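Because the structure is predicted, anything quoted here is derived from the model rather than measured.
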Amino acid sequence: QVQLVESGGGLVQTGGSLRLSCAASGSIFTINVMGWYRQAPGKQRELVADISSGGSTNYADSAKGRFTISRDNAGNTVNLQMNGLKPEDTAVYYCSTLLQVTGDRRYLRVWGQGTLVTVSS
């Protein structure tokens with residue numbers, strides 16, 4: 001079994017910053033992509049940013065220039081530094097990874113439980 005544990009959400013004022021962290025643990029053979037998604041009330045879940053094992057990053061247009069994703073391959077962790085937060089960034093943020101578990105060649109998508117980010121105006 002694989003578990004993703006997220007931390008760092010909370011309440012912040014417009015223009016503030018938050019740092020989200022996610023740690024993967026369990027019978028992990030290799031992790032391909034690690035990323036962050038978010039889901040606002042009444043909206044579909046969307047990609048915020050992701051990062052490959054080689055360090056290539058991909059950002060949603062709404063995140064470019066404000067958010068930075070980083071990864072520690074040794075620790076199986078991924079972080080999302082969010083600066084210049086806006087009320088429209090309010091959402092539940094989910095960590096997600098594409099990985100192989102030990103003894104299984106399939107790539108599996110694993111999700112964290114989500115952490116709430118609220119940006120007040």
Side-chain angles (χ1 to χ4, degrees):
Q1 287 286 57
V2 176
Q3 186 177 17
L4 302 181
V5 178
E6 301 143 332
S7 61
L11 174 64
V12 65
Q13 291 185 334
T14 296
S17 298
L18 283 174
R19 182 177 177 87
L20 305 183
S21 295
C22 172
S25 62
S27 301
I28 299 170
F29 177 67
T30 185
I31 297 180
N32 187 345
V33 179
M34 303 187 80
W36 290 93
Y37 291 72
R38 69 185 182 187
Q39 187 166 18
K43 295 188 177 182
Q44 290 187 334
R45 191 173 298 188
E46 62 178 3
L47 174 70
V48 177
D50 61 24
I51 183 167
S52 71
S53 57
S56 297
T57 57
N58 178 42
Y59 292 93
D61 287 342
S62 59
K64 289 178 181 176
R66 299 188 299 129
F67 296 0
T68 302
I69 191 168
S70 60
R71 175 173 174 170
D72 175 2
N73 288 331
N76 289 337
T77 59
V78 61
N79 302 302
L80 185 68
Q81 178 66 42
M82 304 187 293
N83 299 327
L85 284 162
K86 306 174 182 178
E88 51 264 44
D89 294 317
T90 295
V92 177
Y93 284 70
Y94 297 91
C95 175
S96 182
T97 69
L98 191 63
L99 55 79
Q100 287 177 309
V101 298
T102 303
D104 191 337
R105 291 186 176 184
R106 295 173 299 169
Y107 273 96
L108 304 177
R109 171 71 64 179
V110 181
W111 294 91
Q113 78 283 359
T115 185
L116 178 63
V117 171
T118 303
V119 185
S120 63
S121 57

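One N or O on the side chain of Thr90 and one on the backbone of Val119 form a donor-acceptor pair closer than 3.5 Å. Side-chain atoms of Asn76 do not come within 3.5 Å of backbone N or O of Ser25 as any donor-acceptor pair. For Arg19 (side chain) and Gly8 (main-chain N/O), no donor-acceptor pair under 3.5 Å exists by modelled atom type. Between the side chain of Thr14 and the backbone N or O of Ser120 there is at least one donor-acceptor pair closer than 3.5 Å. Between the side chain of Thr77 and the main chain of Cys22, no donor-acceptor pair closer than 3.5 Å is present. Looking at Gln39, its side chain never comes within 3.5 Å of a backbone N or O of Val92 through a donor-acceptor pair. Put simply, the side chain of Glu6 gets close to the backbone of Cys95: a donor and an acceptor are under 3.5 Å apart.
Side-chain contact between Ser62 and Arg38 is present, with heavy atoms from C-beta onward closer than 4.5 Å. With contacts defined as side-chain heavy-atom distances shorter than 4.5 Å, the pair Val117/Met82 qualifies.
Residue pairs meeting the ring-ring contact (aromatic ring centres under 6.0 Å, His included) criterion with at least one member in residues 78-107, sequence neighbours excluded, do not occur.
Residues Arg66 and Leu85 approach most closely at NH1-CA, 3.9 Å, considering heavy atoms. When every heavy atom of Trp36 is checked against every heavy atom of Asn79, the shortest pair comes out as NE1-C, 3.8 Å. Considering every non-hydrogen atom in both Ile31 and Ala24, the closest pair reads CD1-CB, 4.1 Å. Nearest approach of Gln81 to Ser17, heavy atoms of both residues: NE2-CB, 3.9 Å. The two residues Val110 and Leu4 come nearest to each other via the heavy atoms O-CD1, 3.4 Å.
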Intermediate values then yes/no, side-chain contact (heavy atoms from CB on, under 4.5 Å), Val101 and Leu99: CA-CA 6 Å; Val101 298; Leu99 55 79; 3.8 Å; yes
Stepwise side-chain contact (heavy atoms from CB on, under 4.5 Å) check, Ile51 with Tyr59: CA-CA 9 Å; Ile51 183 167; Tyr59 292 93; over 6 Å; no
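Atom CG of Leu47 is separated from atom CG of Asn58 by 5.5 Å, given to the nearest 0.5 angstrom. One finds the CG atom of Leu11 at 8.5 Å from the CG atom of Leu18 (value rounded to the nearest 0.5 Å). Here the OG-CG distance, from Ser52 to Leu98, works out to 11.5 Å after rounding to the nearest 0.5 Å. Here the CZ-CG distance, from Phe67 to Leu20, works out to 8.5 Å after rounding to the nearest 0.5 Å. Here the CD atom belonging to Gln100 is positioned 8.5 Å from the CG atom belonging to Leu108, to the nearest 0.5 angstrom. In this structure, CD in Gln13 is found 9.5 Å from OG in Ser121, a value given to the nearest 0.5 Å.
Around CZ of Arg109, the count of heavy atoms belonging to other residues, nucleotides or ligands within 6.0 Å exceeds 12.
The pair Asp89-Lys86 does not count as a salt bridge, with every side-chain nitrogen at least 4.0 angstrom from each carboxylate oxygen.
Applying the ring pair (Phe, Tyr, Trp, His ring centres under 6.0 Å) test to Tyr37 and every residue at least two apart in sequence or in another chain returns Trp111.
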